[in-house]
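To keep things clear, I will list the structure first and then write my remarks on it.
Predicted model, so just to flag it, every value in this text is computed and none were measured.
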Amino acid sequence: MLKALSWWRHLRLAHRLGLGYGAVIALLIGLSMVMEFRLQALSDTTADALQRQYPKTALVHEITIELGVVARAMRNVLILAEQDAPVPPLDEIEAAQRRMEQALNRLVALAQDPESRALLDKILTVHSAYAVNQEDFKRLVGAQRMGAARNLLVVDINGYQEDYFRLLDQLNRLHGARMLVASQEVEARHAGARRLVYSAAAVAVLLSLGVTWMLTRSVLRSLGGEPDYAARIARRIAAGELGCRVERRADDDYSLLHDMDQMRLTLIDREQALQQANAELRHTVDQLSAAKDELVSSEKLAALGAMVAGVAHELNTPIGNSLLAASTVSDASERLRHCVEQGITRKALSDQLDEMAAAAELVQRNLHRAADLISSFKQVAVDRQSSQRRQFQLDQVIHEICLTLQPSLSKAKCQLDVTAATGLVMDSFPGPLGQVLTNLVQNALLHGFEGRADPRIWVEAQGLDAGHVQIVVRDNGVGVLPEHQGRVFDPFFTTRMGRGGSGLGLHICFNITTAVLGGKIRLTSSPGAGTTVALVLPRRVPDLQPQRSEETDEHAR
């Protein structure tokens, strides 16, 4: 017994549940099989009573009824004859006689016991004599010999009828007694089956209560206490209250509460380690953020320096031409003054004036070109410095931006084609938009044309619908490898690390396009077939813009 208890305690909860309720189920199955046997016996007894005893009694009753029908029919024939009424046909007697003979034959086939056979032999004898007298009666009635028919009925037929009824009554009492015995046997078997059902139910209930008590006690010991307390402790630990105190028995070293307490202590240790790791990670992130800010600042300064150097180079030519033309005008003026003092012909005066007019025209044309360059540079510089939202014509802004890129394009011997639809009015940030286009063109110049003899860049702008425009920057360069296309907008990703690439150009484009301009940017490329970058921008930037990142604001400044 002690070994069994020890073995039971060392079983897992699922095994205890399975064994406990398996025993209950096995007992119920056994009791169900016993009850099935008892109910089958009850069913057999009932079937015996219904199939063997009841049909005999029913046939005896049927023969008695048909015999009464024949007797009444013969008396009615005689009564109608005494009243000089028309004698009815004897079909009713013949029909009742046939039914009686059929029932008697079935009864003879069913009743095989000695007592029933003895009575049936007597009934058959009486039936034969009765049938003969019936035939005589029908013949006398058919011959209108009513007196002889009455004497036959009174003297012979009535006697046979009385014997017939008496024998049928004896047979009926015999089978009635047997039906009573069968019903009593059915009742006894039914009572036994009922007692067995009640006993089985009582045993099953007691066994279920016993197994439930044992399992409940086992579950409580496995939990280490009441389920509500264990669930409450589990919820507090799950909510992060690792300092809660777990109350359990001193000898409890295997229950769920014990395991939860150990888990709580382990979580405390891991939380401390995690806090330390988080502190180290924050320090590392701060260092990376500082390094990123420095790289962004370097990228901005490099872009600004390149733009200033390019604009200065472009301004050098028209200003130099203007200085040369101004010197020419100055020399022509001195010559004209000298000629005037010594005397000058009309033709010489006309030549001097033409030369001065040509020089003035050259000065004017070059100064206009320099003014245009300065105006475009000033507008782009103001937009980048202020990052103010305003309404502008998209084609004008694109042409101004592309004009500032001409020095870099000329140095790289790259042709830039601009196709911008007119009339596209935007309410947005032209400075950040210019930074995006500048970065895209500079990125193409830096990465796209290595080994290309005829580099070319296309900038196209068109309206998509009433609320959006699309700007496409594409080139005929070497393209982007498929394994790099998913990372081109990631910060610090570049294929020219240490060779002029910082990995921030396209990342800044992505940030400005999505966070400042409220649009989308997509890059498609095939190796050897160039690269296409498509910007889809709203014509009117939504009033509630997402908070721009520090990097984007600083870059815009």
Side-chain angles (χ1 to χ4, degrees), residues 46-184 186:
T46 305
D48 179 71
L50 293 176
Q51 295 177 5
R52 291 195 300 164
Q53 303 300 333
Y54 177 74
K56 299 175 187 177
T57 304
L59 288 173
V60 172
H61 184 64
E62 183 178 351
I63 294 171
T64 303
I65 291 174
E66 298 300 335
L67 182 60
V69 170
V70 172
R72 285 194 303 272
M74 288 189 294
R75 286 196 299 270
N76 289 337
V77 169
L78 295 177
I79 291 171
L80 292 173
E82 290 178 355
Q83 297 176 358
D84 295 331
V87 178
L90 300 177
D91 296 342
E92 184 179 2
I93 298 175
E94 294 178 354
Q97 186 178 4
R98 285 194 301 270
R99 290 194 297 270
M100 186 171 60
E101 289 178 353
Q102 292 173 358
L104 184 59
N105 291 332
R106 292 199 303 272
L107 181 60
V108 170
L110 289 176
Q112 299 297 328
D113 58 286
E115 295 180 352
S116 298
R117 293 299 302 176
L119 288 173
L120 283 173
D121 290 340
K122 295 179 181 180
I123 290 174
L124 289 173
T125 302
V126 174
H127 179 76
S128 299
Y130 186 67
V132 172
N133 288 327
Q134 277 183 336
E135 294 297 328
D136 293 340
F137 178 81
K138 289 188 288 183
R139 187 174 59 256
L140 292 173
V141 170
Q144 298 295 322
R145 295 173 61 186
M146 297 303 176
R150 184 180 297 106
N151 291 334
L152 180 62
L153 177 62
V154 173
V155 176
D156 295 329
I157 294 177
N158 284 340
Y160 287 121
Q161 284 180 352
E162 292 177 0
D163 293 339
Y164 213 148
F165 278 118
R166 178 175 53 79
L167 292 172
L168 289 174
D169 183 61
Q170 292 179 4
L171 186 60
N172 188 41
R173 286 198 301 271
L174 174 63
H175 290 294
R178 291 181 177 176
M179 279 291 295
L180 180 61
V181 172
S183 64
Q184 291 175 351
V186 170

Start with the C-alpha distance between Asn133 and Asp136, add both sets of side-chain angles, then the distance that settles side-chain contact (heavy atoms from CB on, under 4.5 Å), and finish with yes or no. CA-CA 5 Å; Asn133 288 327; Asp136 293 340; 4.3 Å; yes
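- Counting only heavy atoms from C-beta outward, the side chains of Ile63 and Tyr164 approach each other to under 4.5 Å.
- Listed here is the closest heavy atom pair of Ser116 and Leu174: OG-CD2, 3.6 Å.
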Run the numbers on Arg98 and Glu101 for salt bridge (charged side-chain N to carboxylate O under 4.0 Å, His left out), then give the verdict. CA-CA 5 Å; Arg98 285 194 301 270; Glu101 289 178 353; over 6 Å; no
Going through the distances and angles, do Phe165 and Gln170 end up as a side-chain contact (heavy atoms from CB on, under 4.5 Å)? CA-CA 9 Å; Phe165 278 118; Gln170 292 179 4; over 6 Å; no
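- By the 6.0 Å contact criterion, CZ on Arg117 is enclosed, its count of non-hydrogen atoms from other residues, nucleotides or ligands being greater than 12.
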Worked check of side-chain contact (heavy atoms from CB on, under 4.5 Å) between Met74 and Gln161: CA-CA 12 Å; Met74 288 189 294; Gln161 284 180 352; 3.2 Å; yes
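- Between the side chain of Arg75 and the backbone N or O of Leu153, no donor-acceptor pair lies under 3.5 Å.
- Between His127 and Leu104, the shortest heavy-atom distance links the atoms CG-CD2, 3.8 Å.
- Between Val70 and Tyr130 the shortest heavy-atom distance is CG1-OH, 3.6 Å.
- Contact of the Phe137 side chain with the Arg150 side chain is not registered, since no non-hydrogen atoms from C-beta on lie closer than 4.5 Å.
- At distances below 3.5 Å, not a single donor-acceptor pair connects side-chain atoms of Asn172 with backbone N or O atoms of Leu168.
- Within 6.0 Å of NZ on Lys138 lie more than 12 heavy atoms contributed by other residues, nucleotides or ligands.
- In this structure, CG in Asp121 is found 6.5 Å from OG1 in Thr125, a value given to the nearest 0.5 Å.
- A distance of 11.0 Å separates CE in Met100 from CG in Asn105, rounded to the nearest 0.5 Å.
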Between Glu62 and Gln102, is a side-chain contact (heavy atoms from CB on, under 4.5 Å) present by the stated rule, with each step listed? CA-CA 10 Å; Glu62 183 178 351; Gln102 292 173 358; over 6 Å; no
